[in-house]
Each structure stands twice: as C-alpha cells, then as structure tokens.
Amino acid sequence: MLAAIFFYVLVTGSHCGSLAVSQNIPGPGSESVDFGTRCNGHCFSRMKTVMDFVAVNQDRWNTCQEITTNVTRADQNQIQIQLTSLQDAVTNVRASQEFQNGKLDRMDSQQIAMQESLRNIIPQNFVDMLSRSEAHLIAIESKLQTMQTILDNKLRALEGKLSSFIRKVIPPVFQLIGKRYFYIEERNEKTWVAANSTCREMGGYLASIKNEEEWSLLSGKLKDRTFYWLGIHEQLTRSNFVSVASDKEVPFFNWKPGEPLYVDDSMHCVLINSGLMHVDPCNKESFLFICQADDEVKIL
Ligand SMILES: *[C@@H]1O[C@H](CO)[C@@H](O)[C@H](O)[C@H]1NC(C)=O
Ligand SMILES: *[C@@H]1O[C@H](CO)[C@@H](O)[C@H](O)[C@H]1NC(C)=O
C-alpha cells in the first residue's frame, strides 16, 4: 500500500500535469493520525518521509499547476482569438452570401417583371393568331391564283378582240394577200415620191415584199406588162436598197436580168413589172403603185 502511494507521488511529481491524481492523495494531517493508529511506529516514520516529500514539493506542483493554467489560458486565448476571427470570417461569408442572395432575389424579381411585361405585350392567343393568319394567307394566295387565271383569260379574249378591231381599222380598199393587207393603185400614175406620200396618207406604206410566197401571190394580182412602184429605194448609197417603212435592208428581190440598171446618176427607186424588178429615178416618171397596210417590214 505504501509503496503504491510512493510510486504515485514520484510519478505525478516528476512532471506537470495529472493534477487530478495528486489531488486524490489524502492530506498529510489526517493521514498521519490514521496511519499512526493503524500502523506501528515504523510504518508511520516511513509514511512521514513521504509526507515531507509531498510538502516540500507542494509549492513546485502549485507553480507547475499555475504555469499549466497560464499556458492553458494562453492557449485558450489563442483559441479564443482564432475562434473570434473564424466567427468574423463566417459572418463575412454569411453577409456576402446574403448580399448575393439579395442580388439573386432582385434579378429574379426583375426577370419575373420582364416576363410579366412580355406577357402583356404579346397577346395570349398569339400562336392561334399566327396560324389563323397563315391560313388566311393561303386562302388569299389561292384566291389570287384564281383571279390570275380569270384575268389571263380575259386578257386573251381582249387581245383577240383588239386584233379583230385592228383588222377592221384597216381601210376597206386594202385586201389580204397572203398574210398581209395591200392596196394596188390601178388608175393614177404618180412619181415614186408622190406615191410614197399617198400610201402614208392612206395610213400605210409604199409596199415591200417579204418573201417568195408573198411575191408570187402579189404578182398574180398585178396587170401584166405594167409598172408598179414598190417601197424600196436607195436611201444613202448606191445599191443599198432599203424599205421605206423600216429604213432597213429589204429581205427579198427578184431582179429582171441585168438589173439594177442605172440610166443616170440620180438615186433610184424600185419598180415591179410582170414579177421582175427594175430601178428608175424616183422623181421623174409616173407609174401605178402598191401600198401595204402594216409596218411589219419594220421588224424584218
Ligand atoms: C500566471 O499569470 C499571472 C497573471 O497573468 C502572473 O501574475 C503569474 O506570474 C503567472 N505565473 C507563471 C508561473 O508564469
Ligand atoms: C414618204 O412620205 C412621208 C409622208 O409624206 C415622208 O415623211 C417621207 O419623208 C417620205 N419618204 C421619202 C423617202 O421620200
């Protein structure tokens, strides 16, 4: 028993800490009485030694306890400071988080407001309206197509009427020979220049011949061995024969062999006799002549 107590004292006294153990050791006064009555003298004297040791070291132990307490307090202070700064940090984080939350809330409410105003701007049945408009458009398009067809037909009818009207406008003295209308003067002989003017006054032109078919049909209508002026002349240069209706080159000739035969240096106009063509001065001799109603020669 004694050995055990001694061991405890040595262990706990040799270093600071384990204050709980040293406090559990019974106080010297009561111990000595107790031990004194229970042990014999030898036991007490040995116990006394231990008690002295404890008394001697009591101050040191207290000091050690104080240091430990001071250190613990310092540590606690340190920990307290760290805790405080940690709490500050947490508070800061919380504050900034709350700030962010506030921002987010404001953004949310702004977005909601925008959605509201958009909802107000765009009618609820917008999609319905769109599809209805599309259907309308399709209907209108098909109506337009129908109208287009009707208009096309009307236009074609109008064109037909117009062309028959134009035919009626052609003076009655003109006759259809082949595909065009001609007037053949059988009585009054004129110079080429006068005949040209007369055809213009009748609403036509002194005539040219487009092709062999027309030449053949027209020649069949003319008196044999008789000269008729045609609307063909040398406008600027010798042998450069042009249509008086178009001022363009004439596409068809059927010259008498040896023609064009120039009798003088004046410009020459073209005659037809028994289907064959000659040249003659435009303002000297008078002959019969042929007019054409159209200016179709222009587009040849
Ligand atoms: C413990 O702290 C107190 C007050 O700060 C001081 O007076 C005392 O000397 C310190 N003790 C030791 C052992 O440092
Ligand atoms: C044909 O007659 C028209 C009308 O009189 C006239 O303007 C034109 O200059 C004449 N052409 C020639 C080549 O004489």
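Whatever order the structure lists ligands and atoms in, that order sets their numbers, starting from 1.
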Give me the one residue out of D294, I177, V173 that meets side chain to side chain contact (heavy atoms under 4.5 Å, CB included) with F182. I177
Atom 9 (O) of ligand 2 within contact range, any protein heavy atom under 4.0 Å: no
Nearest protein heavy atom with distance in Å, relative to atom 5 (O) of ligand 2: S197 OG, 3.4 Å
Count the heavy atoms belonging to other residues, nucleotides or ligands that lie under 6.0 Å from CD of E134, then report whether that count exceeds 12. no
Does the N or O separation between N196 and ligand 2 drop below 3.5 Å for any pair? yes
Out of curiosity, is Y205 lining ligand 2, as in a heavy atom under 4.0 Å away? no
Heavy-atom contacts under 4.0 Å between E201 and ligand 2: side chain, backbone, both, or neither? neither
For the hydrophobic clusters of this structure (ILVMFWY residues joined by side-chain heavy atoms under 4.5 Å, transitively), does one cluster hold both L276 and W215? no
The residue among W192, W229, Y228 that forms ring-ring contact (aromatic ring centres under 6.0 Å, His included) with F287 is W229
Can you label the angle between the F253 ring and the F241 ring as parallel, tilted or perpendicular, going by 30° and 60°? perpendicular
Show the atoms of ligand 2 that are less than 4.0 angstrom away from any heavy atom in H233. 13 (C)
Look at atom 2 (O) of ligand 2 and say whether a protein heavy atom is found at less than 4.0 angstrom from it. yes
With a cut-off of 4.0 Å, which atoms of ligand 2 are near a heavy atom of R200? 2 (O), 3 (C), 4 (C)
Path from V242 to V270 over hydrophobic side-chain contacts below 4.5 Å: no
